[in-house]
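What follows is a short report on a single structure.
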Amino acid sequence: MHNLIHLLPDAIANQIAAGEVVQRPASVVKELLENAIDAGASRIDVYIKNAGKTLIQITDNGCGMSAQDARMCFERHATSKIRQQDDLFNIRTLGFRGEALASIAAVAQVSMRTRLHEEELGVEVEIEASKIKNQQPWAGPGGTTFLIKNLFFNVPARRNFLKSNPVEARHILNEFTRVAIPNHDIYFSLKHNDTDVYDLPPSSLEQRIVSLLGNDLRGKLKKVDEATGYVTIHGFVGDPSVHRKSRGDQYFFVNNRFIKSNYLHHAIAGAFQDFIPKETHPFYVIFLGIDPVHVDINIHPTKTEVKFDDEKTLYVLLQSVIKQSLGAVHNSPEVDFHQSDITRSIYGTTQQRKPGDITIGNYKPKVSPQENIPKGFDWDQLYGQHLNPAAGKEKKVEKTVEKAPTLFGNTPVSKAQIGEEAIIAQFLHSYILMQKDEQLYLIDQYLAHQRILFEKFLKARAGKNLPCQQMLFPQTMEFAPADFVAIREVDSILVKMGFEVKEFGRNTLIVYGMPSGIASGKLKEIFDQVIADVKEAGTTQVADKLFESVVRSVAMRSAVGSRQKMSMIEMKNMVNDLFRCEVPDFAPNGKPTYKVITAVELEAFFR
Ligand code: ADP
Ligand code: MG
């Protein structure tokens, strides 16, 4: 009889474990950063080549390791952080399973140089696929440098599975950010290829947040600070003017470790409810300090979920603390921010309330009426160059316009398509009422325009670039580094759609031109939306999908808003363009573009 069971060789066991710990270059960055912090470093420099696929190099000035530890640290379950079981329940350092280095060394070529500060000479260890290749004395500064080369060189399936460089780089930026925020007293730098992405001297939390997440936050962060016996809550929330289009700029840290919690996010979102537009997300960086006995310690290194033993109390507390910092506790909203500004006029006031007039507590929304009701939108650009929407000129202009190029620049409007009398009126400056084949059409102008633009842009994918309209004043735009990476990921798509964009120094773009027919005032909104969608769509993007989602975001933000007066001609042109679309019935987001009421329905109602 022979035995079948034997122990896996270490190298294989490590490779299997690596599958859990090391998913992508960003996981390596996270583990090494956490180790450097646990080692007491006051300065950590990160250098990345080729989105971490070729090289991840992290240098710290922490405690360093002895020659023996330098070998030991690559063993599985080798850790200096837990000695007895009790430690497990009081753990406050970042790593503690002693798995990270063993896992990384199983799937990469690693070189580590380290020196204890009190020793004269350090040591360099080279290890590849779990095998020590070389060990030699090393003379260098106190601390540790890891070089992780050719990640997954021995696991081709994993290597092929990695995403494009911009995507992997973005993951690295995310991990870096999640570590650099709570450790704002540590000097961090990050360099990617030839670009200095970050240089972050020790600073206040507020300053660190601004440096990492964007200058637009400067002066717009509200402090949060509260302590009870159970928990301390501190950090910053963005004032309502800095809301985000995507989830992603929301950070929770529990005992300085980044976590995700939909439940707690909900608490904060609730506090912001009356302050920021629907479908946007608040910005926040919140630290919870809590005795580890009240938290289900997250023993898995890659998981970011946690459980609290008294979640409900935490929810209520957090929400009220955030409300307080927004100044919302004693000043309840005067009016619902989202309420239609038209409804009030029913009660005798003819003057419409504009969003800019609304005050909520001490907060006055920063949107000017013009931004929401873009009176200055250039209809000439959109529907033929000769059209002047000024009242009274419609008749004279009509003839010109019928021949003028439409949005697609080809087919002129023909009377046969929609009769002269078909357009009835504009309702609430938002809906086009139209009669067609004995039916009443109620067309949502905003959604209709989205559909028109969407199909126009989509056509660019196969063909040549859409025409670009040069801007009179090129606009420079500065981005947070992660946003910049996201935009660069899709810049070729933007060019196809008719944008002309050039990189201009660090995290800055100059926009020279835009697709014709779009108001330049919309530029920031458009880019914000694109960034939000690219970030949200994240890692699963195939080229076609990505193209479509960029097109969708641009169409959405470029479309004329609701509450915009249109002349009969403009409405007619829009309707014609809409029904020339391949899918006129739905906006790109799936919402219907119009509603039909038939004569039969009306008859049934009245008779
Ligand atoms: P863990 O962090 O869970 O202990 P790791 O595999 O990440 O496990 O690291 C193993 C050990 O190697 C650590 O416990 C620590 O003693 C040592 N070590 C790792 N990185 C460093 C570093 N940058 N400086 C000093 N010691 C380090
Ligand atoms: Mg570790």
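Numbering of ligands and ligand atoms starts at 1, following listing order. Atom set for the values below is all heavy atoms of this structure, side chains included, hydrogens, waters and symmetry mates excluded.
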Inset, instruction - With Phe253 as reference, evaluate Val285, Ile286, Leu288 under the side chain to side chain contact (heavy atoms under 4.5 Å, CB included) test and give the passing residue. - result: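 Single pass found, and it is Val285.
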Inset, instruction - From the options Leu147, Leu151, Asn50, Ile48, select the one residue that forms a side chain to side chain contact (heavy atoms under 4.5 Å, CB included) with Leu55. - result: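 Between Leu55 and the candidates, side chain to side chain contact (heavy atoms under 4.5 Å, CB included) is satisfied uniquely by Leu147.
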Inset, instruction - Go through ligand 1 atom by atom and flag the ones less than 4.0 Å from a non-hydrogen atom of Asp60. - result: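 That gives atoms 22 (C), 23 (N) of ligand 1.
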Inset, instruction - Under 4.0 Å from a heavy atom of Ala100: give me the atoms of ligand 1 that qualify, with their elements. - result: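 Near Ala100, meaning under 4.0 Å from one of its heavy atoms, ligand 1 has 6 (O), 7 (O).
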Where on [X] is there a heavy atom closer than 4.0 Å to ligand 1, on the side chain, on the backbone, on both, or on neither?
X	value
Leu32	neither
Ala39	side chain
Thr144	side chain

Legend entry - Leu101-ligand 1 polar pair, N/O distance under 3.5 Å: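 Yes; at least one N/O pair falls below 3.5 Å.
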Legend entry - N or O pair under 3.5 Å between Asp38 and ligand 1: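 So ligand 1 has no N or O lying under 3.5 Å from an N or O of Asp38.
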Legend entry - SB check Arg506 Glu478 (cutoff 4.0 Å):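 Salt bridge flag = no for Glu478 with Arg506.
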Legend entry - Residue pair Tyr230, His294: steps toward the ring pair (Phe, Tyr, Trp, His ring centres under 6.0 Å) verdict: CA-CA 9 Å; Tyr230 180 68; His294 296 304; 4.9 Å; yes
Inset, instruction - Identify whether NZ of Lys or CZ of Arg in Lys496 sits under 6.0 Å from the centre of the six-membered ring of Phe499 and within 45° of that ring's axis. - result: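 Judged by the rule (NZ or CZ under 6.0 Å from the ring centre, within 45° of its axis), Lys496 is not positioned above Phe499.
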Inset, instruction - Drop me the distance from Phe258's CZ to Asn174's CG, to the nearest 0.5 angstrom. - result: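 CG of Asn174 is found 8.0 Å from CZ of Phe258.
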Inset, instruction - Decide whether the shortest distance between a heavy atom of Glu31 and an atom of ligand 1 is less than 4.0 Å. - result: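 Not so, Glu31 does not reach ligand 1.
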